[in-house]
**Q** 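Starting off with a structure, shown below.
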Amino acid sequence: MTAPILITGAGQRIGLAFAKACLEQGQPVIVTYRSYRPAVDALQKAGADCIHADFATNEGIDAFVETLKTKTDRLRAIIHNASDWMPESDESDTAEVMNAMMQIHAMTPYRLNLACRGLLENGDSVTDIIHMTDYVVEKGSAKHIAYAASKAAMANLTLSFSRLLAPRVKVNSVAPSLIMFNEGDGDAYREKTLKKSLMGIEPGVGVAVAALHFLLNNPYLTGRTIALDGGRHLA
Ligand SMILES: NC(=O)C1=CN([C@@H]2O[C@H](COP(=O)(O)OP(=O)(O)OC[C@H]3O[C@@H](n4cnc5c(N)ncnc54)[C@H](OP(=O)(O)O)[C@@H]3O)[C@@H](O)[C@H]2O)C=CC1
Ligand SMILES: Nc1nc2c(c(=O)[nH]1)N=C([C@H](O)[C@@H](O)CO)CN2
C-alpha cells in the first residue's frame, strides 16, 4: 500500500487541486480543512481522508498530529499549503497579524515536520516536504508585511529541514506569485496584477500541480525553490 501524501488546507483552490491530482493518479491523500465545504465531502467520496484542523493554536496542531497518527504510520510527503493572506490595515492589531502569520506559515510547518519526521522516514523510499511560500519572499510586500516575513521564515525552514532530513527526505519550496485570483478581486486589481509579470496571465492551478509532480518525481532536488511567477522578477 502506497503511503499517503498529507496536504494541509485542501478544502479549496490550490490545495484542493493538489488532492484531486494525487487521487486521479491513485496516490492516497490525507487532507486537512478548517471550514467545511461540499468539496470536502467530494474528496472524502473520492477516497481522501479528510481531517478537520485549525492550526491557529499549538493545541490545534498537536490535536491534528494525534489524529493523523491514528490514520497512518507512514507519509509519502507533506505539502504545507494552508495559508492566510492577511494584509495590514489601519484597524488591525499589528501583534495579532504577525502572530497569526507566523503561526500558520512558520510554527505550523515547523511543528508538523518535527512531529511527523518518523512517518516520513518509515519506509525504504525517499520522501518529500514541500513548503508553499511566495514570490514576496524575494521582494517583500508593502501591504502584506507580516505575511511576507512569515513566508520568508517558511522559506528558511526549507533550508534547515533539508540539512536535517537528507538523504531520507527532500525538502523544497514552491514560490508562486499570481496563480489564481480570489472571487472578490475587482477588474482594476486584476488588470494591475496581470501586468506585474512578463507572462501577464492568471495561470491557474495546473502550473502548481505540475510543480508538485516535478518535485515529487525528482530525486536530486532538495533545499531549493521553484519560482512559479511568470517572470515577475524581470517585469
Ligand atoms: N493563490 C495564489 O495566487 C497564490 C498562492 N500562494 C500560496 O499557495 C498556497 C495555496 O494558495 P491558495 O489556494 O490561494 O490558498 P487559500 O488562501 O485558499 O488558503 C488555503 C487554505 O488554508 C486554510 N487555512 C488558513 N488558515 C488556516 C488555519 N489557521 N488552520 C488550518 N487551515 C488554515 C484555509 O482553510 P479554510 O478556507 O477551510 O478556512 C484555506 O482553505 C498558499 O500557501 C498561498 O500562500 C502564493 C502566491 C499566490
Ligand atoms: N493564502 C493565500 N496566499 C496568497 C494568495 C491567496 O489567495 N491565498 N494570493 C496571492 C496573490 O495571488 C498574489 O500572489 C498576487 O497578487 C498571494 N498569496
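All ligand and atom numbering here is 1-based and tracks the order in the structure. Being a predicted model, the structure only gives us computed values, none of them experimental. The analysis underlying the following values was restricted to heavy atoms, covering all of them including side chains, and did not include hydrogens, waters or symmetry mates.
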**Q** Considering only heavy atoms, does Tyr147 approach ligand 1 within less than 4.0 Å through its side chain, its backbone, both, or neither?
**A**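 It is the side chain that touches ligand 1; the backbone stays farther off.
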**Q** What atoms of ligand 1 come within less than 4.0 Å of a heavy atom belonging to Met132?
**A**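 Every atom of ligand 1 under 4.0 Å from some heavy atom of Met132: 8 (O), 43 (O).
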**Q** Can you find an N/O atom of Arg232 closer than 3.5 Å to an N/O atom of ligand 2?
**A** no
**Q** Are any of the N or O atoms of His80 closer than 3.5 Å to those of ligand 1?
**A** no
**Q** Can you tell me how the ring of His80 sits relative to the ring of His131, calling it parallel under 30°, perpendicular over 60° and tilted otherwise?
**A** parallel
**Q** I want to know if ligand 1 touches Asp134 in the polar sense, i.e. an N/O pair below 3.5 angstrom.
**A** no
**Q** Does the N or O separation between Asn182 and ligand 2 drop below 3.5 Å for any pair?
**A**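 So ligand 2 has an N or O lying under 3.5 Å from an N or O of Asn182.
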**Q** Please list, in number order, the atoms of ligand 1 under 4.0 Å from a heavy atom of Asn81.
**A**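 Atoms satisfying the 4.0 Å criterion: 9 (C), 10 (C), 42 (C), 43 (O).
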**Q** Within the 4.5 Å heavy-atom criterion, are Pro176 and Met132 side-chain neighbours or not?
**A**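 Yes, their side chains come closer than 4.5 Å.
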**Q** Answer side chain, backbone, both or neither: which part of Arg13 comes under 4.0 Å from ligand 2, heavy atoms only.
**A**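 The answer is the side chain.
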**Q** Suppose I only count heavy atoms of Ala53 and a 4.0 Å limit; which atoms of ligand 1 are within that range?
**A**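 Listed by number with element, the hits are 30 (N), 31 (C).
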**Q** Do ligand 1 and Ile179 have nitrogen or oxygen atoms that lie under 3.5 Å from each other?
**A**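 Checking ligand 1 against Ile179, an N or O pair does fall under 3.5 Å apart.
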**Q** Between Tyr147 and Thr133, which heavy-atom pair has the shortest distance, and what is it?
**A** OH-O, 4.4 Å
**Q** In terms of atom number and element, which parts of ligand 1 are under 4.0 angstrom from non-hydrogen atoms of Leu178?
**A** 3 (O)
**Q** Pick one of side chain, backbone, both or neither for how Gln103 approaches ligand 1, counting any non-hydrogen atom pair under 4.0 Å.
**A** neither
